[in-house]
Amino acid sequence: MVEYLIDRHSGLSPYLQIVEQTKRALRLGVLLPGDQLPTAREVVEATAINPNTVLKAYRELEREGLVDSRRGVGTFVRRSLAKPQTAADSALRAELAAWMLRAREAGLEREDAAALISDALDSGFPETTTGGP
Amino acid sequence: MATDLPGRVRPTSPGPRRASVLTGAAWLSARQERTAFAVAAAVLVAVCGWLLFLGHGIDGYIAANHLQGCNIVYFPPECQGTGELVGALDMEYGPAVLATGWVLLALPPTLGLFLGAPLLAREFENGAYRLWWTQSVSRRRWLAARLGVPLAVTLVGSTILAVVSTWWVRVVEGRFAVPGYYHWFTWLTRNTVGPAVVGFCLVGVALGAAVGLIVRRTVASIVVTAVATLLLRLLVDRLRLVLETSQQAVANVRMAVVTPGDRVLSTSGHLVQNVPHEAYELANGFLTSDGLRIPQQGDWNAMVDGRPYCPSDSALCLAHQHDIVQAYVVYHPASAEWPMLWTETGICLLVTVVLVAFCFLRVGRLR
Amino acid sequence: MSHPIPTPDELPGDLPDEDEPGTASPLAADADAGAFPAGPPALEATGLGLRYRGGWALQGCDFRLPAGRICGLVGPNGAGKSTLMSLAAHLMTPDAGAVEVFGARPGAPESRRRIAFLGQDKPLFPRLTIAETLRAGYELNPGWDQQLAERIVAQGNLSMSARVGRLTGGQRTRVALALALGKRPDLLMLDEPMSDVDPVSRQELTGLLMAEAVEHGTTVLISSHVLAELDGVCDYVLVLASGRVRLAGEVDELLDSHRLVVGAHEGTGPVPSLAGHQVVELRRTGRQVTALIRPEGELGSGWDVLEPTLEDLLMAYLRSPEATALLTPSARPGADRRLPGVSA
């Protein structure tokens, strides 16, 4: 199960927030194939957003082939976005953790590190731009 | 998610359906008036208890002193010598009887003011009507419940009061120096006996409710209801004997001037003797040989003071003094009492029905 | 995200495109959530008017609220929001025109059963306990859901034996909401429901409202003058000002058909590069011009084009009473009974 956290002041529409958060959960392996997404009722009761927003987000995920909705049963994860390289115990992650430690020792603040990473991301993955406000 | 957290839901109430005489709209209507009903019931019990206590005491005194026939208004000859006993009875109970008479007289209008007038007015004032109207009940069902329950409770309560009150009035009638209780037609007696008590209570509540529906403010409703009740009671008083045909008794008289410049006294004939006991006199006067009526309004003594006479200010009487052949009295006999009470009750019930019908018509058009 | 400026033929009036049956389509993924119910709209007003102290509280109101929507009712104080709800709830009768609830007049028995109305002052019986208040709901409503009502009360940590008259404003709101939702209405009208509710309960109660709406397909009409309160909650909106409808329709469609543009212009005269577009509101700060427009065709260069938020859109319409009223097709009453996205 995932729990969606909707930030009303992020400028990002609740619809996109649900899509993004689901994908993140799929990437991180929080959601695995066969897992059920919370029902619209559960989501709206917890987040107080419009039910149609949730359903629209679920439809978008379905369109992308990430989830299956079975009428009268619920919405289930079809495939994971998790890559073994992103798992908590992966080598890449360990390297990043070590880098973080070094950055701290070098006297960087959290923001400095984030800026550095973002910069490196942009040059390392030039084809994608990050969404956001 | 919140839905699934067990333990967040504490089942604190017993199921909605509990054993209850009333269901649906009637239940809520009764629940809304619970305090008013409780107070009314307490007053009823207190008043009835007091009436029984007082009546029993008076009855006991009368029986112990053999004063059964001693009506203080007529004071029959066989009661000669009981003056002190009768006086003592009046001294002991008279003030209480008068006060109790006032309470009995005030009860129906009080019910109208404090149960009837706020019944719908408060509902509009605090917005409760909107709560009702947005449930699955129609305005008419709301009104039926809001009027029906209090009217039914009033019917039951006032019937009990009427029975006890009637018994009590019969005990005290004509026994105390309380003019309101001298005869069946005096103002305390005729308003605190029999079915009229029920009628006055019902019409009071209906009148208050109808006023509340128009005025929609509790205090204003009480004030307007008070005025309307007073007018209604005057009207009922006016109409209470219209259905009864009055009787007339006559006596032959001959009139002549006894004292020049003064009044004309009868030279033969006496009081109208054949008026029955406990008759309610409406009018009296003289009849001329050709059938002309010369009423003596305002001078009751002209017929009873030993010998009939023409008052010195009655020009008509003086002008016809030589033609006067009879004196007359128009009256209602004591047998008119219950028809009178039923007429009062009938008028009250009729007005109640009209007011309730008005409420139903009006509630559909409220906007 | 990229938001292409819609071309004129995509402007409100068209059904949402195929890729995104979106806002209007069946609540497919969920258990018993079906399509937006076909059939009559939850509310439909034609020429609706009500006189009030010599003026009109509402005048010439034409709009439609399709069933299954969560609609925000917005407008300044005295705009006629409460009047509109009272007319639909049969607490008042109109002086002109008519309003229908699921195709029936408001006073009809089926309308009474299908509507719940929570007025601004949340009328309750102060001398009743909460348990008795819920019992009143049970006694007066054939479709009463005691469990639901009790759950709403319990979530506020209220004792069933508490007397309603002793509750705080927020607690009263909760009880009134329990009474309204326990009725299991098809159309729930809430007039400024959250005005005296603390933020935590506000979120919880709104969530509950949304959950009930999705589970039972309830249409919700909720008025508020806290616009932020409606953002994300409503998928439909109805804006009233001075007793008239200013804006009505799907939030997505309305947002899609408007743009917030920022550019430069010297002086105070009309801005030539905005000619041909419908300008809802235009504000100037020195040389900077900020405008909310309904673009018709391409917009010239030199403009920063933003997608407005719901709040931007509502504020612009509320501040510009002279702008042309806009109703999307599903919000127009009358002949077109077709509901977008409804599969037969």
Side-chain angles (χ1 to χ4, degrees), chain B residues 1-38 118 122-142 144-146 149 362-367, chain C residues 50 86-87 89-95 107-110 112-119 121-144 146-147 149-151 153-155 157-161 176 179-180 183 185 189 204 207-208 211 215:
Chain B
M1 316 255 131
T3 4
D4 301 321
L5 284 178
R8 279 199 76 174
V9 180
R10 288 179 297 133
T12 45
S13 89
R17 205 183 266 278
R18 254 174 289 167
S20 169
V21 189
L22 293 170
T23 57
W27 173 81
L28 181 55
S29 184
R31 177 59 191 84
Q32 277 182 276
E33 300 307 321
R34 192 170 74 177
T35 313
F37 290 164
R122 205 193 311 109
E123 201 99 333
F124 283 105
E125 202 167 68
N126 63 20
Y129 79 104
R130 277 181 287 143
L131 191 58
W132 272 93
W133 292 10
T134 48
Q135 306 305 309
S136 309
V137 296
S138 66
R139 291 179 184 190
R140 292 192 172 174
R141 234 183 101 200
W142 163 75
R146 296 303 285 128
V149 172
R362 167 113 184 147
V363 77
R365 298 196 187 138
L366 277 183
R367 23 164 303 142
Chain C
L50 184 96
S86 296
L87 287 168
H90 193 46
L91 294 177
M92 296 179 177
T93 43
D95 291 308
E110 68 267 30
R112 279 198 304 273
R113 274 198 302 277
R114 298 182 75 172
I115 277 194
F117 174 43
L118 178 51
D121 53 351
K122 285 123 199 161
L124 286 170
F125 302 110
R127 281 179 295 185
L128 265 59
T129 64
I130 294 177
E132 286 169 330
T133 303
L134 299 192
R135 168 141 187 220
Y138 161 81
E139 298 286 358
L140 299 182
N141 298 291
W144 181 251
Q146 178 75 10
Q147 270 193 322
E150 281 184 18
R151 190 160 65 88
V153 169
Q155 280 180 9
N157 286 317
L158 296 178
S159 155
M160 276 296 200
S161 52
L179 194 59
K183 188 182 177 183
M189 298 191 293
E204 182 232 315
L208 191 96
E215 194 165 319

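Reminder, nothing fancy here: chain letters follow the sequence lines and each chain counts from 1.
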Segment of [X] engaging chain B (4.5 angstrom heavy-atom cut-off):
X: C:Asp121; result: side chain
X: C:Leu128; result: both
X: C:Leu118; result: neither

Checklist entry - Looking at C:Glu132 and B:Arg34, does any basic side-chain N land under 4.0 Å from a carboxylate oxygen? => result yes
Distance check, rounded to the nearest 0.5 Å: [X] atom [atom1] versus [Y] atom [atom2]?
X: C:Arg127; Y: B:Gln32; atom1: CZ; atom2: CD; value: 8.0 Å
X: B:Asn126; Y: C:Phe125; atom1: CG; atom2: CZ; value: 8.0 Å
X: C:Arg112; Y: B:Arg141; atom1: CZ; atom2: CZ; value: 8.5 Å
X: C:Leu140; Y: B:Trp27; atom1: CG; atom2: CH2; value: 8.5 Å
X: B:Gln135; Y: C:Asn141; atom1: CD; atom2: CG; value: 4.5 Å

If one checks every heavy atom of B:Arg122 against chain C at 4.5 Å, the contacting part turns out to be side chain
Max heavy-atom pairs within cutoff under 4.5 Å with chain B, candidates C:Ile130, C:Leu50, C:Thr93, C:Thr129, goes to C:Thr93
All heavy atoms of C:Ala89 vs all of B:Thr134, minimum pair found to be CB-CG2, 4.1 Å
ask   = So do C:Leu179 and B:Leu131 actually touch side chain to side chain, heavy atoms under 4.5 Å?
value = yes
